[in-house]
Amino acid sequence: MATTIVRAVCPHDCPDTCALHVTVQDGIATEVRGDPDHPTTAGVLCTKVARYTERTYHKDRVLHPLKRVGKKGEGQFEQISWDEALTTIAAKLKKIADRNPLAILPYSYAGTMGLVQGDSMSQRFFHKIGASFLDRTICATAGGTGYKYTLGARVGTDVEQTQNAHLILIWGGNPIASNLHFWMRVQEAKRNGAKIIAIDPYRSLTAEKCHQHIALLPGTDAALALGMMHVLIKEDLLDHGYISAYTTGFEQLKQRVAEWTPERVAEACGISMDEVVNLARAYGECAQRGEASMIRMNYGMQRVRGGGMAVRNIACLPALVGAWRHAGGGVQLSLSDTFPKNLTGLQRPDLFPQSLTPRTINMSTIGDDLLRESSGSFGPRIEAVIVYNSNPVAVAPESNAVARGFAREDLFTVVLEHFQTDTADYADIVLPATTQLEHVDAHSAYGHLYMMANNAAIAPMGEAKPNTEIFRLLAHRMSFDDPCFRESDDELAAQAFKQSDARAVHFDWSSLKKTGWAKLRVPDAPFAQGGFLTPSGKCEFYSEQMQRDGYDPLPTYIPPYESVASNPALAGKYPLAMISPPARNFLNSSFVNVQSLRDTEGEPHVDIHPEDAQHRQIASGDTVRIFNDRGSFVALARVTDKARRGLVVGLSIWWKKFASDQKNANEVTSQRLTDMGGGPTFYDVLVQVEKG
Ligand SMILES: Nc1nc2c(c(=O)[nH]1)N[C@H]1C(S)=C(S)[C@@H](COP(=O)(O)OP(=O)(O)OC[C@H]3O[C@@H](n4cnc5c(=O)[nH]c(N)nc54)[C@H](O)[C@@H]3O)O[C@H]1N2
Ligand SMILES: Nc1nc2c(c(=O)[nH]1)N[C@H]1C(S)=C(S)[C@@H](COP(=O)(O)OP(=O)(O)OC[C@H]3O[C@@H](n4cnc5c(=O)[nH]c(N)nc54)[C@H](O)[C@@H]3O)O[C@H]1N2
Ligand code: SF4
Ligand SMILES: [Mo]
């Protein structure tokens, strides 16, 4: 029996981007393990990807092109040939493009994070057509924008330094579920004596294991950060040397935060004054002792109206106390801008026709936008959507609108998928895509600093093809003759990083394929001597750019659209805040159809506080209806004080078709956008819950 170990990479939207070893016996992948030598993976995988072969060889894989024979949404399809599929798609797209190419929309996100299978050939294809641009906002743009205003780029504390921190704030993240390899380092820090504090409205798996848990109301993090700054300044727990050398606007900040007394902050956040003051003291005193403190912000806190500002405020904290001076000190939200990615080379925006004025559609408002008629301000009605690496009918907000949009009889929809997802049910044509074990890719990461190579471990299953190959074939059918449409996946991967950049001078695709990974050349403490990537080169407490863009140039608090304090009239009808963060055994909506993982999660459920449950005569195990003006879904109640009073938590993202009512938490979420970055407000939702 021929057994080989193939070096691969976990493709999922997870900060950890693990290095994998795939065991292949006679052409079959039998096991996927974590690379023991890769410093952050350290031989460990999460429950989901440890079962990657179960997903790849799943009996429900889409292995042939399909065309719809039933109504949109019903999921009735029959097999067709690749030739018929490509001919139909090319003819339809040509016809639309002849009238107005902007009526064509690609819809993709992070089903794979690969630089090749994510967006390379596909982007070239849509640029060449002159299709609408998609603003890929659904996850992280609010926080990313707030972070960049303050620090200049998504650069931060190296996860490999975590164990050197003496205080770690886990802020709006649940790393046991969503950032496991950071959590492993937190355990090491804990063994070295570090104190770990979780800031999260919900007692998540992670919050439960921290020394302290501050359960603030959703969407109030910006106020907590203002309160911390107030105390740090008032009690002079500051690094004056760092502030004067490497920051701007300290005097204005001082004036601003004077208003944010612990009393006012405690009231806004729904926590005690002591919690505010003691958190600030723990943070400031750690720095005064000359020890590293690390803030691991994650994306939980930015899925609300003021999400951009919340991240901006928190990003100000390390500079005030000089935490950046230490390796393991500072803040990490995402490290993605540390990578010198060659997106222009991969995606070729220059192919876009010069005669056209581009139009951009925000992926977080896909429901409304699919339903919109042509108009001067909107442009042409969307006539065709090509979905790949995403499952919008399950994951996009205000699902009822999204499903109505995809149900339009006059919309031509193509879905490239592994499985017959909720979205694929609405397709006119479904095309079978390969999984990570079947194709080549190059990866960056957003939670570590390694360039990574994924080799194909097995041949494509059935008639599946890589995304790149599908767009290559479509380009050929559309008579796009630019040589860039003939580049192979290896040729694309070889362009993934800019070797002209000092961080990646050692990048060489053929070597990377053999070694699997190579670390970027960057210092251990990114801003020990300043060097922020803002216009001033400093950490900007005061941001002129924000003022120019119409924002408050100083940290402030923007309350949620929907909360008891900010919208009492709405709260009269819908008094409970709802959040729907990731379930541990799913990855967004991926893996929901893997039986063993779904069995571990059980049925869709919501956690509700005992007092809120009692008022409604709800007991654990009851079926409840969660609803607001946008819609409703049913779930099983779990009565638990893990959810603070006034909060319900529905771990997500379920496929609608696995729920008894064919709905999920996105029935009640809204399409309103964040203060910055055009992000979705998944956790800015008021609902009522009733037995039922
Ligand atoms: N197992 C698993 N891992 C995943 C994913 C998955 O679906 N499953 N998804 C991946 C993706 S795409 C992403 S973006 C990340 C997301 O993972 P994280 O960045 O960790 O963010 P969320 O899961 O959105 O929320 C994490 C925590 O934030 C809390 N939270 C909600 N609202 C607020 C708030 O207003 N303030 C504060 N302080 N906390 C709040 C939630 O209760 C939750 O415990 O994880 C990635 N990893
Ligand atoms: N209520 C609620 N909604 C949320 C969130 C939440 O916390 N609560 N989180 C939001 C966040 S943070 C995110 S990032 C989004 C995630 O939304 P998406 O990026 O849409 O993520 P998935 O739901 O995992 O869907 C990815 C799809 O891509 C497919 N896929 C994977 N690899 C490939 C490939 O190589 N080729 C092709 N063609 N397809 C592939 C998978 O089979 C899967 O169906 O959801 C958002 N929606
Ligand atoms: S999902 Fe995250 S933790 Fe799991 S294998 Fe992939 S990168 Fe690693
Ligand atoms: Mo995400």
Side-chain angles (χ1 to χ4, degrees), residues 9-18 20 32 34 41 44-50 52 55 108-112 114 117-118 138-140 170-181 198-207 214 216-221 224 297-304 307 310 364 387-392 394-397 399 415-419 421 423-424 431-436 438-439 441 445 447 466-467 470 560 577 579-592 647 649-650 652-653 655 664-666 668-669 680 682-685:
V9 182
C10 174
H12 289 292
D13 189 352
C14 169
D16 299 26
T17 312
C18 289
L20 309 179
V32 175
T41 308
V44 176
L45 297 181
C46 64
T47 50
K48 308 171 289 294
V49 173
Y52 206 74
R55 187 175 186 279
S108 71
Y109 200 63
T112 168
Q117 304 303 338
I138 204 150
C139 176
I170 299 183
W171 201 326
N174 177 15
I176 293 184
S178 62
N179 189 190
L180 183 64
H181 298 81
I199 303 171
D200 192 318
Y202 178 59
R203 202 166 75 237
S204 66
L205 289 171
T206 304
I214 299 177
L216 78 185
L217 287 165
T220 64
D221 302 85
L224 181 56
M297 254 196 276
N298 223 313
Y299 287 105
M301 99 272 289
Q302 52 104 63
R303 308 192 198 290
V304 293
S364 302
V387 180
Y388 52 103
N389 303 337
S390 187
N391 183 10
V395 309
S399 216
V415 176
L416 283 62
E417 253 301 348
H418 301 151
F419 294 105
T421 57
T423 307
L431 299 176
T434 45
T435 68
Q436 188 77 341
E438 300 152 71
H439 57 226
D441 218 326
N467 292 343
I470 296 174
I579 57 173
S580 48
R584 184 182 191 177
N585 294 287
F586 303 152
L587 207 134
N588 299 324
S589 79
S590 299
F591 295 100
V592 177
L647 179 76
V649 182
S652 290
I653 308 173
W655 283 22
N664 72 10
N666 278 322
V668 296
T669 56
F682 289 115
Y683 304 165
D684 189 332
V685 176

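Quick note: numbers below take in every heavy atom, side chains included, and nothing from hydrogens, waters or symmetry partners. Atoms within a ligand are numbered from 1 in the order they appear, just like the ligands themselves.
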With backbone taken as N, CA, C and O and side chain as the heavy atoms from C-beta onward, which portion of Asp13 lies under 4.0 Å from ligand 2: side chain, backbone, both, or neither? side chain
Which is it for Asn389 and ligand 2 at heavy atoms under 4.0 Å: side chain, backbone, both or neither? both
Return the residue, atom name and 0.1 Å-rounded distance of the protein heavy atom closest to atom 34 (C) of ligand 1. Asp221 OD1, 3.5 Å
Would Pro581 count as being in polar contact with ligand 1, using the rule that some N or O on each side must be under 3.5 angstrom apart? no
Atoms in ligand 2 flagged as close to Arg55, the criterion being non-hydrogen separation under 4.0 Å: 41 (C), 42 (O)
Under 4.0 Å from a heavy atom of Asn666: which atoms of ligand 2 are those, numbered in the order shown and with their elements? 1 (N), 2 (C), 3 (N)
Starting from atom 7 (O) of ligand 2, find the nearest protein heavy-atom neighbour and note its residue, name and distance. Tyr683 OH, 2.9 Å
Short version for Met301: what comes under 4.0 Å of ligand 1, heavy atoms counted, is both
Within the 4.0 Å heavy-atom shell around Ala110, which atoms of ligand 2 are there? 19 (O)
Tell me the protein heavy atom at minimum distance from atom 26 (C) of ligand 2, and give that distance in Å. Gly111 CA, 3.5 Å
Side chains of Asn174 and Thr206: any donor to acceptor distance under 3.5 Å? yes
Below 4.0 Å from any atom of ligand 2, is there a heavy atom belonging to Gln302? no
Consider every N or O of Ser204 and every N or O of ligand 1, then say whether any pair is closer than 3.5 Å. no
Just to be sure I'm reading this right: ignoring hydrogens, which of Asn391, Thr669, Asn588 gets closest to atom 13 (C) of ligand 2? Compare them by their nearest heavy atoms. Asn588
Proximity to ligand 1 by part of Ala583, non-hydrogen separation under 4.0 Å: backbone
Report the part of Ala433 (side chain from C-beta onward, or backbone N, CA, C, O) that has a heavy atom under 4.0 Å from ligand 2; answer both or neither where that applies. side chain
Please list, in number order, the atoms of ligand 2 under 4.0 Å from a heavy atom of Leu587. 24 (O)
To which protein heavy atom is atom 30 (N) of ligand 2 closest, and what is the distance rounded to 0.1 Å? His418 CE1, 3.7 Å
So which heavy atom in the protein is nearest atom 47 (N) of ligand 2, and how far is it from that ligand atom? Val395 O, 2.9 Å
Identify, by atom number and element, the atoms of ligand 2 in contact range of Tyr109, meaning under 4.0 Å from any of its heavy atoms. 14 (S), 19 (O)
Looking only at protein heavy atoms, which one is nearest to atom 35 (O) of ligand 1, and how far off is it? Gly219 N, 2.8 Å
Of the side chain and backbone of Leu416, name the one, both, or neither that has a heavy atom under 4.0 Å from an atom of ligand 2. both
of all protein heavy atoms, closest to atom 14 (S) of ligand 1 is Cys139 SG, 3.0 Å
Under 4.0 Å from a heavy atom of Arg303: which atoms of ligand 2 are those, numbered in the order shown and with their elements? 12 (S)
No waters, cut-off 2.8 Å: how many protein N, O or S atoms are close to atom 2 (Fe) of ligand 3? 1
Atoms of ligand 2, numbered as shown, that sit under 4.0 Å from any heavy atom of Thr421: 44 (O)
Looking only at protein heavy atoms, what sits closest to atom 25 (O) of ligand 1 is Gly300 CA, 3.4 Å
Cys18 and Val49, any side-chain heavy atoms less than 4.5 Å apart: no
Candidates Thr434, Ile138, Asn467; heavy atom nearest atom 36 (N) of ligand 2 found on Asn467
Quick one: nearest non-hydrogen protein atom to atom 44 (O) of ligand 1, plus distance? Asp200 OD2, 2.6 Å
Does only the side chain of Ile579 get under 4.0 Å from ligand 1, or the backbone, or both, or neither? Count heavy atoms. side chain
Tell me the protein heavy atom at minimum distance from atom 8 (N) of ligand 2, and give that distance in Å. Ser580 O, 2.9 Å
Below 3.5 Å, N or O to N or O, backbone or side chain included: is there any such pair between Leu216 and ligand 1? no
Polar contacts were defined as any N/O atom of the residue lying under 3.5 Å from an N/O atom of the ligand; does this apply to Tyr202 and ligand 1? no
How close does the nearest protein non-hydrogen atom get to atom 23 (O) of ligand 2, and which residue and atom is it? Ser589 OG, 2.5 Å
Should the proximity of Gln436 to ligand 2, defined as any heavy atom under 4.0 Å, be assigned to the side chain, the backbone, both, or neither? neither
Among all protein heavy atoms, pick out the one at the shortest distance from atom 2 (C) of ligand 1; state its residue, atom name and that distance to 0.1 Å. Phe586 O, 3.2 Å
Can any side-chain N or O of His418 pair as donor or acceptor with the backbone N or O of Thr434 at less than 3.5 Å? yes
Among all protein heavy atoms in this structure, tell me which lies nearest to atom 24 (O) of ligand 2, with the distance rounded to 0.1 Å. Ser590 OG, 2.7 Å
With a 4.0 Å cut-off on heavy atoms, is Glu417 in contact with ligand 2? yes
What atoms of ligand 2 come closer than 4.0 angstrom to any heavy atom of His439? 35 (O)
For ligand 1, is any non-hydrogen atom under 4.0 Å from Ser178's backbone (N, CA, C, O), its side chain (CB onward), both, or neither? both
With respect to atom 5 (C) of ligand 2, which of Asp441, Thr112, Ile653 exhibits the smallest heavy-atom separation? Ile653
Distance alone, cut at 3.5 Å: any donor-acceptor contact between the side chains of Asn391 and Thr423? yes
If we set the cut-off at 4.0 Å for heavy atoms, which region of Glu438 has an atom near ligand 2: side chain, backbone, both, or neither? neither
Say whether, by atom type as modelled, one donor and one acceptor occur between the side chain of Asp200 and the main chain of Tyr202 under 3.5 angstrom. yes
For atom 6 (C) of ligand 1, the protein heavy atom that lies nearest, with its residue and separation: Pro582 CB, 3.1 Å
heavy-atom search around atom 1 (N) of ligand 1 in the protein gives Ala177 O, 2.8 Å
Nearest non-hydrogen atom to atom 40 (C) of ligand 1 belongs to which of Gly307, Pro201, Ala207? Pro201
Considering only the protein, which heavy-atom contact is closest to atom 18 (P) of ligand 2, and what is its distance? Ser390 OG, 3.9 Å
Between Cys46 and His181, is the side chain to side chain contact (heavy atoms under 4.5 Å, CB included) condition met? List the steps. CA-CA 9 Å; Cys46 64; His181 298 81; 5.9 Å; no
Check if Phe682 has a non-hydrogen atom at a distance under 4.0 Å from any atom of ligand 2. yes
